[in-house]
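Letters A, B, ... are given to chains in the order of the sequence lines, protein chains preceding strands, and every chain is numbered from 1.
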2 protein chains.
Amino acid sequence: MNTDAVLKLDNQLCFAVYACAREITKLYHPLLKELGLTYTQYITMLVLWEEDEVTVKYLGQRLYLDSGTLTPLLKKLESMGLLTRVRDKKDERSVIITLTEQGSLLKEKAIDIPERLFCQAGISTNEAEELRSQITEMLQKVQAQQ
Amino acid sequence: MNTDAVLKLDNQLCFAVYACAREITKLYHPLLKELGLTYTQYITMLVLWEEDEVTVKYLGQRLYLDSGTLTPLLKKLESMGLLTRVRDKKDERSVIITLTEQGSLLKEKAIDIPERLFCQAGISTNEAEELRSQITEMLQKVQAQQ
DNA sequence: GGCGATTAAATTGTATGCAATCAATTAAAT
DNA sequence: ATTTAATTGATTGCATACAATTTAATCGCC
């Protein structure tokens, strides 16, 4: 590829990923509105529905987000009554996030979101899994450089 | 996949794309800092280096961004002396974006960024092109739903 | 020509993201 | 015990993103 072509937007893998991420988030918007969550709040709840009582640090590792993003987001979810934020007695540097009953119950309402989204986007399960695997590989490669 | 598994974060294609986009942007950060640009400002300049004198609407279509994002971003680039914003005489609703000489010249400094980034990320050109093609396909599928 | 519908930007308000820095606490070394 | 370093969150400042609304200009249709 010549020097001019590499600067063409449509040739850039990075831009494709970046634009795709935003378009997908927009697709989630109406579905998540029914739960009263934004996309970032939703993926935070996904982790907590898998594993309750985790630290902010752990959430950050799973979500690839830092405390500058998570602290206000978790305070918001706390104010919505979905979780609690309590300092760890054993190590006061850590904050333990715990779902409230309301937060746990919200999972039921979220169960059908993945399927509804896939239907909407018209993507087959197989090609999605293949693509997910490749992108995850790239994600880990890229993250290792930071 | 059972109902529990579909809600697992690591099974979600959408999250992989979302996290990957942010990690890639972070990888760009030190390279773009040399040019004094953010990632969004950089991709805006990419379009303008391809095609000068375009409308805000056109930029939005290429970048998948709306005027709410572009207007302040373009004002910033204007204040940096890289471009001008002028109403179209033929249709006063539109604003024409034109590179200044300084804006055009910046392209030279940007030429080697794609290669440096790929080296840094350790991704081969072939697998990148394959992945880019698949993600672009998904991007267009998803965007068609909006 | 006139007027409702449409279009293009700009504005407003909310929610991220993240770099950089700070503060508090804990762990390690001497 | 004291100093030093590392860890964990919180804070601050800046730059997006985008939904929703507003404003101004143009278009379509009669």
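Not a single donor-acceptor pair under 3.5 Å links the side chain of B:Thr136 to the backbone N or O of A:Ala16.
Of the candidate nucleotides D:dT8, D:dA15, D:dA10, D:dA15 has the atom nearest to the side chain of B:Gln41. Nearest nucleotide to the B:Arg93 side chain, out of D:dA6, C:dT7, C:dA9: C:dT7. Here the side chain of B:Lys57 is nearest to one of C:dC18, C:dA9, D:dA15, namely C:dA9. The side chain of A:Leu73 approaches C:dT16 more closely than any other nucleotide in the set D:dA17, C:dT16, D:dA10. Listed nucleotides C:dA15, C:dT16, D:dC18 differ in distance to A:Lys26; the shortest reach to its side chain belongs to D:dC18. Checked against D:dA19, C:dT7, D:dG9, the side chain of A:Val95 finds its nearest nucleotide in D:dG9. For B:Arg22, the side-chain atoms get nearest to C:dC18 when compared with the rest of C:dC18, D:dA10, C:dA27. Side-chain atoms of A:Glu92 lie closest to C:dT25 of the nucleotides D:dT26, C:dT25, D:dG9. The nucleotide whose nearest atom lies closest to any side-chain atom of A:Thr69 is, among C:dA19, D:dC18, C:dC18, C:dC18.
One finds a salt bridge joining A:Glu34 and A:Arg116 here, because a Lys/Arg side-chain nitrogen approaches an Asp/Glu carboxylate oxygen to under 4.0 Å.
Taking only side-chain nitrogens and oxygens, A:Lys33 comes nearer than 4.0 Å to OP1 or OP2 of D:dA20. A:Thr38 has a side-chain polar atom (N or O) that falls below the 4.0 Å cut-off from OP1 or OP2 of C:dT16. OP1 or OP2 of D:dT11 sits under 4.0 Å from a side-chain N or O of A:Lys75. Dashed line: the shortest gap from a side-chain N or O of B:Thr40 to OP1 or OP2 of D:dT16 is under 4.0 Å. Taking 4.0 angstrom as the limit, A:Arg87 places none of its side-chain polar atoms (N or O) nearer than this to OP1 or OP2 of C:dT25.
Note: CG (A:Leu63) to P (C:dG17) measures 10 Å, nearest angstrom. Note: CD1 (A:Ile43) to C1' (C:dG17) measures 11 Å, nearest angstrom. In this structure, A:Leu32 atom CG and C:dT16 atom C1' are separated by 14 Å, rounded to whole Å. Put simply, CG on A:Leu74 is 16 Å from P on D:dT8, counting in whole angstrom units. For the pair A:Tyr39 OH and D:dC18 C1', the interatomic distance rounds to 16 Å; values are reported in whole Å. In this structure, CG of B:Asp66 is placed 6 Å from C1' of D:dC18, rounded to the nearest angstrom. One can place OH of A:Tyr18 at 12 Å from P of C:dC18, the figure rounded to the nearest angstrom. One atom, CZ of A:Arg85, and another, P of D:dT8, lie 17 Å apart when rounded to the nearest Å.
Two rings, from A:Tyr18 and B:Tyr39, have their centers less than 6.0 Å apart.
Among the atoms of the strands shown, base atoms are found under 4.0 Å from some heavy atom of B:Ser67. In this structure, A:Tyr64 reaches the sugar-phosphate backbone alone: every heavy-atom distance under 4.0 Å involves primed, P, OP1 or OP2 atoms, never a base. Nucleic acid contact class of B:Leu65 (heavy atoms, under 4.0 Å, all strands): sugar-phosphate only. As judged by a 4.0 angstrom heavy-atom cut-off over every strand, B:Thr25 is placed among residues making no nucleic acid contact.
Using the Watson-Crick or G-U wobble rule with both distances under 3.5 Å, C:dT7 pairs with D:dA24.
Using a 4.5 Å heavy-atom threshold, the side chains of B:Thr55 and B:Ile97 count as separate. Between B:Val142 and B:Leu139, the closest side-chain pair of non-hydrogen atoms is not below 4.5 Å.
Nearer to the 5' terminus of DNA chain C, by closest-nucleotide assignment, is the contact made by B:Thr71 (compared with the other of B:Thr71 and A:Lys90). Residue whose closest nucleotide on DNA chain C sits further toward the 5' end, between A:Asp91 and B:Gly68: B:Gly68.
Remark: B:Ser104 OG to B:Asp52 CG distance equals 6.0 Å, nearest 0.5 Å. Atom CG in B:Leu77 sits 10.5 Å away from atom CZ in B:Arg85 (nearest 0.5 Å).
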